[in-house]
Structures are given as structure tokens and as C-alpha cells.
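One structure below.
Computed from a predicted model, the values in this text were never measured in an experiment. Below, read A as the first sequence line, B as the second, and so on, with proteins coming before strands; counting in each chain starts at 1.
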Amino acid sequence: MSHYNAKSIEKKWQKAWEKAKVFQAKTDITKPKYYVLEMFPYPSGRLHMGHVRNYTMGDVIARFKMSTGHNVLHPMGWDAFGMPAENAAMASGGHPKEWTYNNIEVMKSQMRPMGWTLDWTREFATCDPDYYGKQQELFLDFLSAGLVYRKNAVVNWDPVDMTVLANEQVENGRGWRSGAIVERKELTQWFFKISDYSNELLEAIEALDNWPAKVKLMQSNWIGQSKGLEFDFEIKNPLKHQKKIKVYTTRPDTLMGASFVGISADHPLAQELEKNSAEISAFNKECRQMSTSEADMEKAEKKGIDTGLRVKHPLDPDWELPVWIANFILMDYGTGAIFACPAHDQRDLDFARKYKLPVIDTFLSLDDSAPVVDEAFVPPKSEKVQWVNHFTEIDIATGQEAIDKTIDFAEKNKWGKSVTNFRLRDWGLSRQRYWGCPIPVVHCENCGVVPEKKENLPISLPDDVKFDIPGNPLDRHSNWRKCKCPSCGSQALRETDTMDTFVDSSWYFVRFTSPKSEKPTSSKDVNYWMNVDQYIGGVEHAILHLLYSRFFARAMVITGHLPKTAKEPFDALFTQGMVTHAIYKSTETDGRDSFHFPEEVELSEGRAYLKNNGKEVDIIPSAKMSKSKNNVVDPVNIVEAFGADTARWFVLSDSPPERDVEWTASGAEAANKHLSRVYRIINEIVKNKVRPNDEDENLLKEMHRTIHDVTQAIESFGFNAAIARLYGFTNVLAKSKAGTEAKLSAAKTLAQLMSPMTPHLSEELWKIMGEKSLLAQQPWPAVDENFLKDDNITMPIQVNGKRRGQIEVRKDLEISEIEKLALEEEAVQRALNGEVPKKIIIVPGRIVNVVI
RNA sequence: GCCCGUGUGAUGGAAUGGUAGACAUAACAGACUUAAAAUCUGUGGCCUUACGGCGUGGCGGUUCGAGUCCGCCCACGGGUACCA
């Protein structure tokens, strides 16, 4: 008998599947369709374990759905625009296009041996002019539908490299390449009006039944609906025409605790003031040098400057409040101005203490009426508190009641109005970079900003560009920029901004339904294939990518590219965890960390030692795989050593799919051992002839239970549970003394149940057991319910909630009988010590608890 | 900072509010072997001779019963709008 040889088996069956065109999807309205999609990869050039896990999960679903009679669409493509290609070009002088397409070829060659059911006939990259040309067409339609506009926005500007920096390229306020202090620069940029759909996107979340609750919650919080009050503070010593400051607050009930009015450094008033004050100008400049990232701004030290302006309190004209510029107030949110109530907001309190501003309690705790000192009193809005001289005459009430009353009061007295605000900002899509989809508009001296004509699409990127000089190569490519105005025909210039790569990924799943159609979509194909039945990807995309895609689908419905039913494009979403690996770290004599590759390290009793000198190194468990930490495990090596089925089996076993999985060499070896064992066991079954006997029934019973459990586990993404069950069934099969006929039936079922995970091995075993057809085209095994029934059950007996014994009873035994049997138990007798139990709780079919 | 997760043996993890540790890995013991590998069989939370006691990041609460529900805290991971 030959041994399990993954290499030859896998190649053979991949060819057989390809020949039979098992995985090519055709629009066929007579069959139920199933569209399974994993988030497409960025072509970094190396297939990563995370990809292997992601695409294997999708593949299990795809193969399972094929075997249950569905017409499955399982496509693959490339999220190919983005910064790494430009960075590579800058670092090594190549061209982003060449770099990207090379990487795609390399990655494809690494993906093919995995045996995924991908329909490669639909493949495209977002940097293909055909794809981004269609995207330009969508942009023009969105533009004429009023979904796109231009406005000013700030970017991180590197004054040395003369380039806009991404937030991740700003390190401690300096550019990562140049080291120059980063400035904020205001540019005119293109925006999608996603904020017009804030309410719609928020309300529709509720109906996404098959999305993880955590993702829905994250999106809701991101959109961030808040109800508050907008009102004016009148300036006592006004400046030119600016006589009032409009503020927005979600806690208008604390108005009597107001201590100062704060405005953003980008507020028109602040901009006006800096003209006459060097101090204010310097402060504003400092604020504008902060990174544009929210995390950096929030974590920065809270600072402010007194403007000298004073405003009147709306409820007491004699009450005067100072106006401060503060670095934590955002111009983008609300009105860019607030009033601060230090007693009930920690940030305001810290600020007030720092600058010696008053702290006034507006309400006190019911059980402790001490005034606020160093810790702001911020109870939940649902908690009742004692109010101090409230203008709406409330005494004891919750925060929410006070807010509602205050808004009514302000509206009745006509000094404020109720306003619902959203945190969600419009989607800035302009990027001042080369390697992206050109925005198809033209700047004409006579006509202004003019959309390009559709017949001129695609507006392709020029190939003759160099990255040896700072700045955007499109800006200095005068030939490419020069064009005719589509409106008046005179000399004009192209827009040099390209699109955010999130635009590319906001509709690729639609394009997969008809990747070659003349128009961006074909109605026949989108009507049949949309929506995506199961979308699978990393939770890191929970907010931006998924929210943008939801907006984009709506925009495509409005412009007639999608049917109304595709407004929410992803019926079900699954977010999988990362593949992690331990980091082996030691500290050099100069105090710097050095990282060691797994193969340089010897493991022994939970400690790690360097192979070359025996020195012990630190183990940092479960770290995200990262090149710089030397803890990347290359799937190619694993496939080379053990075969694709082993890699597939291992990434699915052990950890639940939504959680991170730790890659361990021993785990991969164990997976391989198990597959070899299955191969051996089944070969022996085929070889040895045993007559039918009494054991057959038990084996078939176990077989049907396994079909039931594995089917349920796969349907609910419990791949690790499915595999654990298959391990169990393999053990039963190995030990069973049943006859050959029953064993073959069980073994065939085992091969079938394993086939979504280990398709090549299963296909081989299928053939070894004498089957002529392709297993990939067989229907999923059916459960015979008669085998699932059981007459007796085991009931655990607890005393005071602790397990003390168990009884074997008939399923339908009466409660009084169970009680009698339970009390007769030895451990219960011992615990009772002759006394009468206080209470006996019997949950039928589950448990008995005797309370003493 | 803010939003969202996660935390169970040496390790990955299992467990509709109902027997904590299924299944697997590492380890140990035995069988086979001249020997090793492979394979097969067995042991396996901690303390205790036993009865029993203690155990799911920490502290507290609800419940007949909590890994699971509630409150506070700690650690780690993801997102934080120009990484994809």
C-alpha cells in the first residue's frame, strides 16, 4: 500500500477539476445561485497565512453550496492601486505598474496550488484601465446625480518631500521619509456626499440580520447620531461682522455650569483674531501642525488660549463667559464651537483646572452631595440626580429628562433649536498620488470644472513617469495634463487627483457579476447574481470598507447601475480573525531588540533557545505576523512540505474562525499526521474483507450523527467544531469492528464530509473506494433521522449546584420517578445525612439539583 | 483618548444559564523494534491517601445553579476617516 503523497494527489485532481470546468460560474436562472466572496487581496507579492485562512473558509462554503445544488459564484481579483507600489518605485526605481502586475503573477502562482474553487475567468485588477474606466463612468454619473462635490480640507503636508502624507506615514509629527515636521495644508478636494445618507445608512443596519452584532454596533457608533441643542452666544466686544458664536451641545441641561466657550483653531473667528495677535496666530499654527488623525488629536495634551473675547450667557445677560481657542475642538463636527461644563466632563474639568477657570456643579449625586473636585461627575443619562437651581425648575430627574426639557424650553423661548447631528463626515476621495484611478474631470479657464465625456473614457494613467523627484508625477506631466475642454473645446488641464482606493473596493463585487460587460454592470447578471450571499473578510474592515460599499451600492441604485434590491449588497457577513505567530525576541548589548526566525529557535518545555549559541530568548505569544518581527510563516513552504490539504485543514482546525489562530509548526505536523492516518485507515478498509455483523448498526448511527453535526457546523461557520467532530468520527471508524460494507459506507461519508476542507485527499480516497465520478460533483450526504434517536439519557445530579453523581433514565420518565432515583444516589444520601432537602429542581432532560 | 472585541489546563480550544476542560498539540508510561522513526494502547486542571476542597484575567452582584447575565477594574488585539 502506498503512502499519502499530497504532492502528486493534489496536482492530479486540480487538473481533473479544471478539465471538467467544475468552478466556472454561468448565469443560469434555472438554478438557485449562491455568491460567496472573500475580500480581495492587495497584491503585496507574497501570499500570507491570513489569505490562506480567509480563502479556505470561503472555499469550504463554496464547495458545500455546490454539493447542495447551488450555482456558485466564487471569483477572485486584485485590489491593485495603493501606496506600496509607489513606495516601492521610490525605493528601487521601478514602475508601480510593473511592480503590481509582477506581484499579481507571483501571488496567483502561489494561490493556484491551494485548490480553491476560484473562477479565474472573471479575474481583474482594479488598476486595469478597463476596470477603472468603468469606475470613472460611475463617478460621472454620481457627479451629475449631485452625489459628488468639491470643498476645502486639510491634509498632512511634508514640506521637504513636497507631498501629502497618509496618517500612517506621520511618525511623532514628522514625515517618515524626510523627518521634516509635518504641516496641515488646506486643499480643494473631491467628496462623496455620504453624510446625506447618515440616517438611511444607520436605520438600515438593523435589518442586516446576518451581520455580526459587533460590526453593526461599530457602524452605528461610527455614524454617531446625536440629538442636541444649537444656540448662539452673543459677543460683548464683537469683531467686525461676527457678533455671535453658534454652539452645538448634547448636554444643554448643564448650561448653568458653563465655564467658558471654546472654539476650534480653524473657526472663522479664530482665523480673524490671529490677524491681530501674534500669540493667537502662534497658537493656531501649533494646532494646525497636529497630525490629522483622530487618535493623535485626542491623545495630545489639551491646550488653549484666551481670546480676550467675552460672551453673554443666554439665560443671564449679566453673566460673562470667556472665549478660548482649544486644540481639542474640531471644526468638522457640529459648529466648531462649544460651551464647556467642567463639573460634568473630565476633559473640560482638566482644562478648567489647568487654566484656573470656574467649576460649577449643576447636579449632584443623590447619595453623595459633595461638589466636584478633581473628578468630573458623569453619571449615566438614565440615573436620577439632584439638580441645583435648574432653569426648567426640575429638581430630581435623570440627565435624559433634563436634556429633553431643556431643548423644549429653549425652543419655546426661541433662543435655541433642536438639532440632530451625525459624526459621519463626507467621504474625501481625492488623493494627490499617481497610482490610483484618475478623477475624470477637466479644469477649463472659461468653463471651470467640467466632467470628461464618457466616450473619452478611460482616462488612463500615463506610463512615462518617474519617482526620483519629490511630488506627484501627474502634476509635472504637462503632456498628459493638456487636453481639450469637453464643453468649449479650448485648451484645458486634467485633474491630477486620483481616487481613494476605497472607491475601487466599493463595487468590485458588482463587477465580478459581469467582468467584461461594456457598461459598468449588466442588468441580466446583476439581477441574477446580486447580492453577495456570503461575504468574508477581516474585522479590520468593519467600518470604512463596508460602510463605503453600502453607500456606493445606494449611489449605484440611484444612477441606475443596480436594482433597488441590491441597496444592501452583502446579505451575510463573516469576519475572520488573524493568523498569528509567536515572536522570538532578544535584547542586544546596546539595548536594541533583535528578532529571530522560528527556524533559528529551539523550543523546550515552553522556553525558547537560539540554536547557534543556546542563549534563551523571550517568547511573545500570538503576535500579528509581520515582516519586521521575523515571525511570518510562508504558506508556500508549508504547501511544499505537507501539501495544500494539510495547510487548509490546519488553518480551519483548533481556533474558531472569528478568532485569531496561532500558527505552530507542531500543529501543522499534527494536521498532516491526521490526514495520513485517514488515508491509511481507508486503504485498510478497502483491503480487508469483513462480513456484516452486530457492530454495523452502531457505526451507521455514529455516521448519521456525524453528518448531522458536521453539516450544522459548516452552515454556522463552526469549521473548528466540524473538524473536531471529524476527528472523533475517524477514531470511531478506526476502532470499529463492523463489516466491510458498513465501514465503506462510513468511510465514503467521511471523505465527503472532509471534502470541503481537504478536497484533494477526499477525491483520491473516493477513487480508491471504487467510485468513478468526481466527488466535487456529488451531492452532500443526507441524514437518516431514524439513526439520531436515543431512548435513554444521562442526567447529572447536583447538590447545591455541585455535581455529585449521575443517573441513567428513560427519556420520558416521570418527574416524580426521577426525583426518587436522584434522592437514592449515594452521594446525595451522604450529603443529606438523614435530613430533608429544602428544594429539588428538575430540568427535564437536562439536570437535577438537590438544595440542602 | 474614544468605539468594538478577546481573556478557560503546559498549549490551541469545547461547553442553548445546567456534568468545566469535548477534540487536538506538547508531555509521560507501555506495546512493537537490535535501535530509532512511524504506528498502536494508556495517563492527563491544582491540592488531598481518602472524604473532600479550590479552579474559566481580578473584585463584587443576580440565580437553586454563572465560563456564560449585570457592575467596576486589569491586560491584550482591531478601528479611529490618506495602510489596505
Just checking [X]: base, sugar-phosphate only, or nothing, at a heavy-atom cut-off of under 4.0 Å?
{"X": "A:Trp222", "result": "base"}
{"X": "A:Ser44", "result": "nothing"}
{"X": "A:Leu217", "result": "sugar-phosphate"}
{"X": "A:Pro656", "result": "sugar-phosphate"}
{"X": "A:Gly728", "result": "nothing"}
{"X": "A:Ala670", "result": "sugar-phosphate"}

Problem set entry | Validation row: A:Pro212, A:Leu573 side chains within 4.5 angstrom (heavy atoms) |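 When only atoms from C-beta onward are counted, A:Leu573 and A:Pro212 do touch, with a gap below 4.5 Å.
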Exercise. Side-chain contact, heavy-atom cut-off 4.5 Å: A:Asp504 with A:Cys437?
Worked result: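 A:Asp504 vs A:Cys437: side chains touch.
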Exercise. Parallel, tilted or perpendicular: which fits the ring planes of A:Tyr42 and A:Trp99, with parallel below 30° and perpendicular above 60°?
Worked result: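 Aromatic pair A:Tyr42/A:Trp99 classed tilted.
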Does a side-chain N or O of [X] approach OP1 or OP2 of [N] to a distance below 4.0 Å, or not?
{"X": "A:Arg423", "N": "B:C3", "result": "no"}
{"X": "A:Arg677", "N": "B:C40", "result": "yes"}
{"X": "A:Ser655", "N": "B:G12", "result": "no"}
{"X": "A:Arg425", "N": "B:A81", "result": "no"}
{"X": "A:Arg659", "N": "B:G12", "result": "no"}

Can you check the distance between [N] and [M], where both ends of the measurement are the [atom1] atom (answer in whole Å)?
{"N": "B:G18", "M": "B:A24", "atom1": "C1'", "result": "26 Å"}
{"N": "B:A66", "M": "B:G12", "atom1": "P", "result": "26 Å"}
{"N": "B:G9", "M": "B:G61", "atom1": "P", "result": "24 Å"}
{"N": "B:G65", "M": "B:A15", "atom1": "C1'", "result": "15 Å"}
{"N": "B:C64", "M": "B:G17", "atom1": "C1'", "result": "12 Å"}
{"N": "B:U43", "M": "B:U62", "atom1": "C1'", "result": "40 Å"}

Base of [N] paired with side chain of [X] (donor-acceptor, under 3.5 Å):
{"X": "A:Glu168", "N": "B:C82", "answer": "no"}
{"X": "A:Arg804", "N": "B:U19", "answer": "no"}
{"X": "A:Asn221", "N": "B:C3", "answer": "no"}

Value in whole Å for how far the [atom2] atom of [N] lies from [atom1] of [X]:
{"X": "A:Glu86", "N": "B:C83", "atom1": "CD", "atom2": "C1'", "result": "13 Å"}
{"X": "A:Arg803", "N": "B:G55", "atom1": "CZ", "atom2": "P", "result": "18 Å"}
{"X": "A:His674", "N": "B:G12", "atom1": "NE2", "atom2": "C1'", "result": "16 Å"}
{"X": "A:Ile852", "N": "B:G52", "atom1": "CD1", "atom2": "C1'", "result": "15 Å"}
{"X": "A:Asn672", "N": "B:A38", "atom1": "CG", "atom2": "P", "result": "12 Å"}
{"X": "A:Asp350", "N": "B:G1", "atom1": "CG", "atom2": "P", "result": "12 Å"}
{"X": "A:Glu669", "N": "B:A27", "atom1": "CD", "atom2": "C1'", "result": "16 Å"}
{"X": "A:Asn800", "N": "B:G52", "atom1": "CG", "atom2": "P", "result": "14 Å"}

Return the pairing partner of [N] with a 3.5 Å limit on both distances, Watson-Crick or G-U wobble; otherwise return none.
{"N": "B:U6", "value": "B:A75"}
{"N": "B:G60", "value": "B:C70"}
{"N": "B:A24", "value": "B:U11"}
{"N": "B:A29", "value": "B:U41"}
{"N": "B:G55", "value": "none"}

Exercise. Under the salt bridge (Lys or Arg N to Asp or Glu O under 4.0 Å) criterion, do A:Arg184 and A:Asp266 qualify, and how do the steps go?
Worked result: CA-CA 11 Å; A:Arg184 281 156 68 109; A:Asp266 297 316; 3.7 Å; yes
Exercise. Starting at the 5' end of RNA chain B and moving along, which residue's nearest nucleotide shows up first, A:Glu540 or A:Met83?
Worked result: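 Mapping each residue to its closest nucleotide by heavy atoms, the 5'-most match is A:Glu540.
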For this session: Nearest-nucleotide wise, let me know which of A:Tyr42 and A:Val215 is further upstream toward the 5' end of RNA chain B.
Result: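 Per heavy-atom nearest nucleotide, the more 5' residue is A:Val215.
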Exercise. Is any side-chain N of the basic residue among A:Glu186 and A:Lys151 closer than 4.0 Å to the acidic one's carboxylate O?
Worked result: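 No, this pair does not count.
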Exercise. Of the nucleotides B:U16, B:G5, B:C82, which has the atom closest to the A:Arg846 side chain?
Worked result: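 Taking heavy atoms from C-beta onward, the closest nucleotide is B:U16.
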For this session: Test A:Phe574 against A:Tyr535 for ring-ring contact (aromatic ring centres under 6.0 Å, His included), laying out the working first.
Result: CA-CA 6 Å; A:Phe574 187 86; A:Tyr535 197 33; over 10 Å; no
Exercise. Atom OG1 of A:Thr758 and atom CG of A:Leu675: how far apart are they, to the nearest 0.5 Å?
Worked result: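 Here the interatomic distance stands at 6.0 Å.
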Problem set entry | Interatomic spacing from CD1 in A:Ile194 to OH in A:Tyr548 - rounded to 0.5 Å |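 Going from CD1 on A:Ile194 over to OH on A:Tyr548, the span is 6.5 Å.
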